[in-house]
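A short write-up of the structure that comes next.
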Protein chains: 2
Amino acid sequence: MLTKQTAIQNIRAFNRFYTDVIGLLNKHLLDSDYSLAEVRVMYEISVGKEVQASQIMAAMSIDKSYLSRILKKLEKDGIITKSLSPQDARALSISLTAKGKKLFDTLNKASDHQIGQLIETLSSAQQQELVSHMHSIISILNK
Amino acid sequence: MLTKQTAIQNIRAFNRFYTDVIGLLNKHLLDSDYSLAEVRVMYEISVGKEVQASQIMAAMSIDKSYLSRILKKLEKDGIITKSLSPQDARALSISLTAKGKKLFDTLNKASDHQIGQLIETLSSAQQQELVSHMHSIISILNK
DNA sequence: ATAAAATAGTGGACTTTGTCCACTATTTTG
DNA sequence: CAAAATAGTGGACAAAGTCCACTATTTTAT
């Protein structure tokens, strides 16, 4: 039976390992014109369809001023549109433009491809096992 | 039977989830005088006992100029000592000072504490399961 | 109804973090 | 021993992120 201290050390080792995995997977985004944060903003808009800046802020725990600048850039690039929320004149209603959807889709496919490479040497069974362990971790940590 | 595409989507969901976990755990370091990169450098020196800058570079995939500045700060703060390697006069031999060891130990304990909080509501059995899933992921991905 | 407090977002000014490149000093290779 | 490779430094800059003050609304409490 292992102690809590041992568990902690093992979790830290995993964190170091997985930080590197994530870093590796995200590296390809450096070749795009958009930063990790910008892509994550697009993701939040994409899943929410129509979101307010404050919702993105909450989802990402990002500074509102920083977010404001990101949204400005994305709007300038024609990736998103901002319109005043009808319910609340302080708030913006943000959504991806057709161009934005297309770009996001392209970035997504590139990300998928990266992960595809990560697991390509694994058998189908191993891939399923991997996913299963990930689900378990999420479910344990969400307790 | 799930497809590879489904596996990829699940892995991406896990990555988003775990990125947040890691972000949360690292947040406490913001209160220290040292950045994530600086602490990671201390870690590399600590596990290597006596390392060269080039080894840290390789381990962290960090720019050598950036590393040089980090080491300069750590030396100035009395955290590390740099001495010329006897075998190679181009290279530095770097190690933690007593002060550096103490600091690193303190930071480590704080990190341990963070993880302790993350898992404190879990039963001992659940903690072991968590670690076991983590080990499995490492072992699958290292194939 | 209305004054005070809260919320949504913007922009200025700044710090931190990270990158690129040219350079010196050694060591290795052919 | 000359050419190429390696180790590290520092200048100059770019990217990422933070803090604060501000305007414009909306909500809350009296």
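All chains are named by letter (A, B, ...) in the order of the sequence lines, taking the proteins before the strands, and each is independently numbered beginning at 1.
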Separation of atom NZ in A:Lys72 from atom P in D:dA16, rounded to whole Å: 17 Å

Please list residues of residues 38-71 of chain A whose heavy atoms come under 4.0 Å from any atom in DNA chain C, ordered by number; otherwise none. A:Gln52, A:Ala53, A:Ser54, A:Lys64, A:Ser65, A:Ser68, A:Arg69

Answer yes or no: is there an ion pair linking B:Asp112 with A:Arg12, defined by an N-O contact shorter than 4.0 Å? yes

N-O pairing of A:Asp20 and B:Arg40 below 4.0 Å: yes

NZ of B:Lys73 versus P of D:dT9: gap in Å, rounded? 16 Å

Sequence neighbours excluded, which residues qualify as side chain to side chain donor-acceptor pair (under 3.5 Å) partners of B:Gln87? B:Ser85

Output the rounded distance in Å from CG (A:Asp88) to C1' (C:dG9). 11 Å

To the nearest Å, give me how far apart CG (B:Leu29) and C1' (C:dT17) are. 15 Å

Distance, rounded to the nearest Å, where B:Gln87 contributes CD and D:dA7 contributes C1': 14 Å

For residues A:Leu96 and A:Ser46, report the shortest heavy-atom separation together with the two atoms involved. CD1-CB, 3.8 Å

What nucleic acid atoms does B:Ser85 come within less than 4.0 Å of, heavy atoms only: base, sugar-phosphate, or nothing? nothing

Would you mind reading off the distance between A:Leu30 atom CG and D:dA16 atom C1', rounded to a whole angstrom? 12 Å

Distance, rounded to the nearest Å, where A:Ile80 contributes CD1 and C:dG9 contributes P: 11 Å

Under 30°, 30 to 60°, or over 60°: which ring-plane class applies to B:Tyr43 and B:Phe104, parallel, tilted or perpendicular? tilted

Salt bridge present between B:Asp77 and B:Lys73 (N-O < 4.0 angstrom): no

Whole Å only: how far is the CG atom of A:Leu92 from the C1' atom of C:dG11? 14 Å

